[in-house]
Amino acid sequence: MIMSRIEAPRDETTGNLLDRLLAGLPADAVLTDPDVTVSYATDMASFCPAGTPAVVVLPRTVEEVQHVLRTATELRVPVVPQGARTGLSGGANATEGCVVLSLVRMDRILEIDPVNRIAVVEPGVINADLSRAVAEHGLSYPPDPSSWEMCTIGGNIGTASGGLCCVKYGVTAEYVLGLDVVLADGRLMSTGRRTAKGVAGYDLTRLFVGSEGSLGIVVRAVLALRPKPPEQLVLAAEFPSAGAACDAVCRIMAGGHVPSLLELMDRTTVKAVNDLARMGLPESTEALLLAAFDTPDPAADLAAVGALCEAAGATQVVPAEDAAESELLLQARRLSLTALEAVKGTTMIDDVCVPRSRLGDMLGGVERIAAKYGLTIGVCAHAGDGNTHPTVCFDAADPDEARRARASFDEIMALGLELGGTITGEHGVGVLKKEWLARELGPVGLEMQRAVKRAFDPLDILNPGKLF
């Protein structure tokens, strides 16, 4: 049972904060029971540092969010915004004594406009719920992270999420037309537009996408929609090596093909998915490549891609016969990260994106790093984007194994930068990759980023300790 504000532990500072918050919020929106608030301390990166929240607030309106930010500014209390907490880099982890601002109750789809092909939503809307709602109008919202049944649009915007379909349809940033944002001092600002075109002033909308809640709190988003594509068909190709699968990826993209997804699972990932879900994937393969097309004639496209896979050395190429079989293959891919977590209990998930032409070098390097540190590291990848997810499996209760896991993680990120890539393609920086963000940006770039942060949040109360 949630403790009342009178029953909850309070000192003078906490008591003043609670009294001020409750002056503009309903009582059921303010959680103070330590047994409850501690459950909001981390996202999926539970091994990353996290503090103890002073209070968790669950607003339902823009005005309530504004009240929280005004109060936090006046009392100089940090605010950590959260959605579904499916993030993988600790970006939603609490800081000590903060207000956790959970936006999950702001979950309304406010408008779907088929003529202008836009949707207007609150940040707590679940990605999959939006996709299903717009499908009823013959439209689609393409960004589809693997956690799409749980993750929220606000969280997707905060981390600039990607997904399986990015190779054809792009990432979240390409679908955010406009935002309503509550700034650190409680003011409400609107950015962007509802129109198909618009270049008035600096593109502040893009600035907020991927900012991990460090510049303002998104309370409303105008999202671009597309016509609903035909049902896609999927092809599965087995390869004798990860390098051969990566060669096939290069052949497919160089050949001008536009798959709706192009995903790779290495042998470690395939085995983990089979162990978890008994899906019957071919464990004899060293790499499994999934290609899909949602064109008017997907079978012809799959045949052409299948031939390229065979030319690259595929030992078996199996096109799905229907949408149900295709969905089964995609479900296996979506289970990859969950299955790898089950291997040892804890995972450190890298998010390195490299040029497609260096994908084979990336996977080969990860294999060498795994052998060097004596660890299980599975790789699944949005291969069509060059976005890899090397996933280090380890026992967090074993200090030596945890140390080796962190060392291998750092070597993988260093490898990505060496290959001309970036430390994160879609998961964000959070606290997990702060050191590496500085290395990627360089001193001048880091200085400019910090200047932007100061302009929007001079008191550093919005998600402090993240990114920089």
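Numbers for residues simply follow the sequence, beginning at 1.
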Reported CG-to-CZ distance for the pair Leu363 and Arg358, which is rounded to 0.5 angstrom: 13.0 Å

Residue pair Thr388 / Leu359, side-chain heavy-atom distance below 4.5 Å: yes

Ser140 side chain near Pro229 side chain, heavy-atom distance below 4.5 Å: yes

Side-chain heavy atoms of Leu281 within contact of Met265, under 4.5 Å: yes

Check against side-chain hydrogen bond (donor to acceptor under 3.5 Å, both in side chains), Asn127 and Asn156: CA-CA 8 Å; Asn127 184 297; Asn156 294 170; 3.0 Å; yes

Flag for Asp185-Thr73: side-chain donor and acceptor within less than 3.5 Å: no

Show the atom names and distances, to 0.1 Å, of all donor-acceptor pairs under 3.5 Å that link a side chain in residues 90-97 to residues at least two apart or in another chain.
unit_1: Asn93; atom_1: OD1; unit_2: Asp43; atom_2: N; d: 2.8
unit_1: Asn93; atom_1: ND2; unit_2: Pro49; atom_2: O; d: 3.3
unit_1: Glu96; atom_1: OE1; unit_2: Thr52; atom_2: N; d: 3.0

Leu302 versus Phe293, closest heavy-atom pair with distance: CD2-CD1, 3.6 Å

Donor-acceptor pair between Gln232 and Ser260 side chains, under 3.5 angstrom: yes

Minimum-distance pair of heavy atoms, taken over all atoms of Asp351 and Gly428: OD2-N, 4.1 Å

Partner of Leu289 under side chain to side chain contact (heavy atoms under 4.5 Å, CB included), chosen from Ile252, Val317, Leu235, Val305: Ile252

Smallest separation among heavy atoms of Cys166 and Asp385, with atom names: CB-OD2, 3.3 Å

Residue that, paired with Leu188, satisfies side chain to side chain contact (heavy atoms under 4.5 Å, CB included) out of Val182, Leu183, Ile217: Val182

Under 3.5 Å side-chain donor-acceptor pair for Tyr141 and Arg226: no

Distance (rounded to the nearest 0.5 Å) between Phe239 CZ and Cys309 SG: 4.0 Å

Salt bridge (charged side-chain N to carboxylate O under 4.0 Å, His left out) assessment of Lys466 paired with Glu212: CA-CA 8 Å; Lys466 312 298 168 54; Glu212 302 186 36; over 6 Å; no

Gap between atom CG of Asp266 and atom CD1 of Ile377 - 0.5 Å precision: 10.0 Å

Gap between atom OG1 of Thr152 and atom CD of Gln82 - 0.5 Å precision: 10.5 Å

With sequence neighbours excluded, residues passing salt bridge (Lys or Arg N to Asp or Glu O under 4.0 Å) with Arg220: Asp180

Close side-chain approach of Leu335 and Met279, heavy atoms under 4.5 Å: yes

Heavy-atom pair with the smallest gap, counting every atom of Pro26 and Leu22: O-CD2, 4.3 Å

Which atom of Leu225 lies closest to which atom of Leu139, heavy atoms considered: CD1-CD1, 3.7 Å

Side chain to side chain, Leu101 and Val80, heavy atoms closer than 4.5 Å: no

Scan the side chains in residues 439-459 for donor-acceptor partners under 3.5 Å anywhere in the protein, sequence neighbours excluded, and list what turns up.
unit_1: Arg439; atom_1: NH2; unit_2: Glu435; atom_2: OE2; d: 2.3
unit_1: Glu440; atom_1: OE1; unit_2: Thr422; atom_2: OG1; d: 3.1
unit_1: Glu440; atom_1: OE1; unit_2: Ile423; atom_2: N; d: 2.9
unit_1: Glu440; atom_1: OE2; unit_2: Thr422; atom_2: OG1; d: 2.8
unit_1: Lys453; atom_1: NZ; unit_2: Ser214; atom_2: O; d: 2.7
unit_1: Lys453; atom_1: NZ; unit_2: Asp457; atom_2: OD2; d: 2.7
unit_1: Lys453; atom_1: NZ; unit_2: Leu462; atom_2: O; d: 2.8
unit_1: Asp457; atom_1: OD1; unit_2: Asp460; atom_2: N; d: 3.3
unit_1: Asp457; atom_1: OD1; unit_2: Ile461; atom_2: N; d: 3.1
unit_1: Asp457; atom_1: OD2; unit_2: Ile461; atom_2: N; d: 3.1
unit_1: Asp457; atom_1: OD2; unit_2: Leu462; atom_2: N; d: 2.9

cation_pi(Arg85, Tyr40) dist<6.0 Å, angle<=45: yes

Residue pair Val218 / Ile153, side-chain heavy-atom distance below 4.5 Å: no

Atom of Ala133, atom of Ile109 and distance for their closest heavy-atom approach: CB-CD1, 3.7 Å

